Amino acid sequence: KKSSSTTISHHGTSQQYHHTQSYGTMPASSVNKLLRRGNGALSSSSSTSQLYPQSQPQQPQQQQFQRDNNNKARSVRFFVIICILCSFFSYQLGRYEVFDSGLDSSTVGDILQHSNLTSSSLSSSLPQSQSPQSQSPQPPQSSSQSQPIQEEKYAYTTSLHVGTKFMCGAAMLAWGLRNRRPEIDMAVFVSGFLGNEQEHERAMTYMKKLGYTIKTSPLLINPFNFSDLERRFNFCKVNMYAMIDYTKVTYVDTDLFFPFTPPDHLFDQHEGAPKPAARIAWKKRGWINAGFMLARPNLTSYWDMLKRFHEFESNSGGDQGFQNIYWNKYQFGFDGYDDDYYPRLVNWQDLKRNKTINPFLRPDLPERWSYYHPFGMKPWMCPKDTYCEKTEEDARRYIWPQMQDLWWSEFDRMTTAWPWLLEEPWRDYCIKPMPDDVEYKISRDEFWKQKKQMQQESEANGGSLEPFLRPFKKKKKKKKNDDD
């Protein structure tokens, strides 16, 4: 037996035997059993050559070693699968960034209150452990007692970032909103520093004297615009959705002009969620002008908007194009203002459709309008007694003398009520010298003098527009002679 087992071991640990034939009168299955048991039933006689190659039987030590290897392989496979699943779920959870806000308990309580999750409502919704004595059924409470009604808190808000060039507009905005309802706040979120430390502190004191509540906010950067300094940081308007101190906010650009009444009715007419409300400027696409809109602050929407800054480029280069794409593509769109109820005026003119328009042909102000949104150079960026623009083309497109005169007359009323605006160190926010980069400028007295002469000349020529068009006719360039 020893010699036969040695012979089998010698002949091949790598040889295989197929039981296609029987060994003598013994069936192939029996031979296979003998090989597995290692009892040496086969000898090294010539009869073993009658078998086809068959797998070598394993010793008990080898079988145990093989089982251990199989167990280790299964453990490794299981560990790899667990790692893959953990990575997948971590990626899914990572799509919603979690930030450590560092809020104290009082601020968290305010957030819960804004979310209709007060301590009483939380305790009533969670299962409570009861003692044996308190297992008797309790009378049901009314819904008003179990969940208190959330108190609405409204605010007008505007923004400041990268400089103090719009401080005078913020003053005129505060003047236009001075007669708002007493329960409506007026806030400003300031992104970054507005200058050096001394200039920033001066600007903050100015805004507090105007009645604004100061809210600090992060400086949000447009990832697709690094050349234009103003447009690089104008995504800061998105910070309005993080003002969770209020249940509704109406964002207003600092250059908007409200000479009559503040738009308090918007807080009652529009819910602000899930659709923000604004003036629909392009009705076919459902796009809005983001300089005057109402919304409910929502941190979930705020973080989602920040996360998508890098996903698509704003078609306008600023937050307006970004918000139009975001709310129409990823959310529910916008709710439109009723323009007939609260009409707007703008100074912008399409020169392609109206090729003759210029400041001398501007109409008088209509009888019924509510607010004014200026484009181009703002009224306070030129001296009080001057109409100016960077180019003559911009002068034709933007200068509206009648509206600018109304703006400055309202400024005189404001400074009469708030005379400190013309005192130092605040005076330079609104009273400025002539800018160096303007191409078109004309004094107010000279403008109205020329317009009066043009009207007389036009009446003499049967209503011809030629006198009004003369100042903006393109001058023909002289052709150079060949001898020059």
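Residues: numbered from 1 along the sequence shown. If you're wondering where the values come from, they're calculated on a predicted model, not measured in any experiment.
Taking 4.0 Å as the cut-off between side-chain N and carboxylate O, Glu271 and Arg296 count as a salt-bridged pair. Checked for salt-bridge contact, Arg308 and Asp304 meet the test: a charged N lies under 4.0 Å from a carboxylate O. Contact check on Lys384 versus Asp412 returns a salt bridge, with a Lys/Arg side-chain nitrogen under 4.0 Å from an Asp/Glu carboxylate oxygen. In this structure, Glu410 pairs ionically with Arg413, as a charged nitrogen and a carboxylate oxygen lie closer than 4.0 Å.
With sequence neighbours excluded, no residue satisfies disulfide bond (SG atoms under 2.5 Å apart) with Cys236. Residues satisfying the side chain to side chain contact (heavy atoms under 4.5 Å, CB included) test with Ser217, not counting sequence neighbours, are Phe189, Ser191, Asn239.
Put simply, the residue from Tyr337, Phe257, Tyr342 that forms a ring pair (Phe, Tyr, Trp, His ring centres under 6.0 Å) with Tyr371 is Tyr342.
Below 30°, between 30° and 60°, or above 60°: for Tyr330 and Tyr326 the angle between ring planes is between 30° and 60°, a tilted geometry. By the 30° and 60° cut-offs, the orientation of the rings of Phe258 relative to Phe292 is perpendicular.
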Run the side chain to side chain contact (heavy atoms under 4.5 Å, CB included) test on Asp445 and Asp385 for me, step by step, so that the C-alpha distance in whole Å, both residues' side-chain angles and the decisive distance to 0.1 Å come before the verdict. CA-CA 8 Å; Asp445 294 339; Asp385 58 349; over 6 Å; no
Can you list the steps and then say if Asn347 with Met403 is a side chain to side chain contact (heavy atoms under 4.5 Å, CB included)? CA-CA 8 Å; Asn347 60 337; Met403 180 62 76; over 6 Å; no
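Using modelled atom types and a 3.5 Å distance limit, the side chains of Tyr212 and Asp185 yield no donor-acceptor pair.
Of all heavy-atom pairs spanning Met243 and Ala187, the tightest one is CE-CB, 4.0 Å.
Each salt bridge (Lys or Arg N to Asp or Glu O under 4.0 Å) pair with one or both residues in residues 321-337, not counting sequence neighbours, would appear here, but there are none.
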